[in-house]
Amino acid sequence: MDRFAARVVAVVRQIPPGRVATYGDVAARAGRPRAWRAVGNVMRACGDATVPCHRVVAAGGRLGGYGGHELLKRHLLAAEGLRVTGTRVLRFAEVRWRPGHAPGGRR
DNA sequence: TGGTTGACGGTGG
DNA sequence: TCCACCGCCAACC
């Protein structure tokens with residue numbers, strides 16, 4: 001497991017239920033604000049059920065993709081009390097998880 | 001070692 | 001508001 005991937009996974013696992021974070025936010029907290037692309041790759045490769053990858057959405061509240069299981073992602077988010085419509089998360093600004101400063105920023 | 005892909009972000013039309 | 005194009009970083013072939 002690469003340092004970056006581990007960092008991304010750690011961040012995603014910190015996302016509380018009923019909240020969502022964008023790939024950009026996760027990447028930023030992972031230490032690479034411009035590596036949101038890689039975050040998507042890590043997510044795709046991530047098969048760990050302990051990682052709530054369904055809480056990671058695209059910018060603007062868009063669901064983005066989910067390995068072809070976008071429907072499932074939408075269902076999981078709805079199960080957490082999130083309002084989802086089509087490929088969009090309603091009240092995104094309110095349910096968006098805002099990560100504080102990275103703890104013990106070690107590079 | 002180099003090139004392409006991808007669960008994307010942002011801007012423009 | 002939705003669709004298309006360009007730019008980006010890391011992983012895989």
Can you tell me how far the CH2 atom of A:W36 sits from the CE atom of A:M43, to the nearest 0.5 Å?
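A:W36 CH2 to A:M43 CE: 15.5 Å, rounded to 0.5 Å.
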Mind checking the NE2-CG spacing from A:H75 to A:L82? Nearest 0.5 Å is all I need.
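Here the interatomic distance stands at 12.5 Å.
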Contact nearer the 5' end of DNA chain C, comparing A:R44 with A:A35
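With A:R44 and A:A35 compared, the 5'-side residue is A:A35.
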Would you kindly compare A:R62 and A:A38 by the position of their nearest DNA chain C nucleotide and give the one closer to the 5′ end?
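Taking each residue's closest nucleotide, the earlier one in sequence belongs to A:R62.
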I want to confirm an ordering. Mapping A:V39 and A:A58 to their closest nucleotides on DNA chain B, which one lands closer to the 5' end?
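By nearest-heavy-atom nucleotide position, the 5'-most residue is A:V39.
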Rounding to an integer number of Å, can you tell me how far [X] [atom1] sits from [N] [atom2]?
{"X": "A:F4", "N": "C:dC9", "atom1": "CZ", "atom2": "P", "answer": "11 Å"}
{"X": "A:R7", "N": "C:dA10", "atom1": "CZ", "atom2": "C1'", "answer": "16 Å"}
{"X": "A:W36", "N": "C:dA11", "atom1": "CH2", "atom2": "P", "answer": "15 Å"}

Chain A on DNA chain B: first and last contacting nucleotide, 5' to 3', under 4.0 Å to a heavy atom?
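Nucleotide range in contact with chain A: B:dG6 to B:dG10.
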With sequence neighbours excluded, what pairs up with A:I15 under the side-chain contact (heavy atoms from CB on, under 4.5 Å) test?
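Partners of A:I15 by the side-chain contact (heavy atoms from CB on, under 4.5 Å) criterion, ordered by chain and then number, come out as A:V12, A:R19, A:A21, A:R55, A:V56, A:W97.
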Specify the closest pair of heavy atoms between A:K73 and A:C53, including all atoms of both residues, with the distance to one decimal.
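Here A:K73 and A:C53 meet closest at CE-O, 4.4 Å.
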Given side chains that start at C-beta, do those of A:Y66 and A:V57 come closer than 4.5 Å, heavy atoms only?
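No, side chains not in contact.
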Would you indicate whether the side-chain heavy atoms of A:R62 and A:T87 approach each other to under 4.5 Å?
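No, their side chains stay 4.5 Å or more apart.
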Looking only at N and O atoms, is any donor in the side chain of A:R37 or the base of C:dC8 less than 3.5 Å from an acceptor on the other one?
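Check passes, donor-acceptor contact within cut-off.
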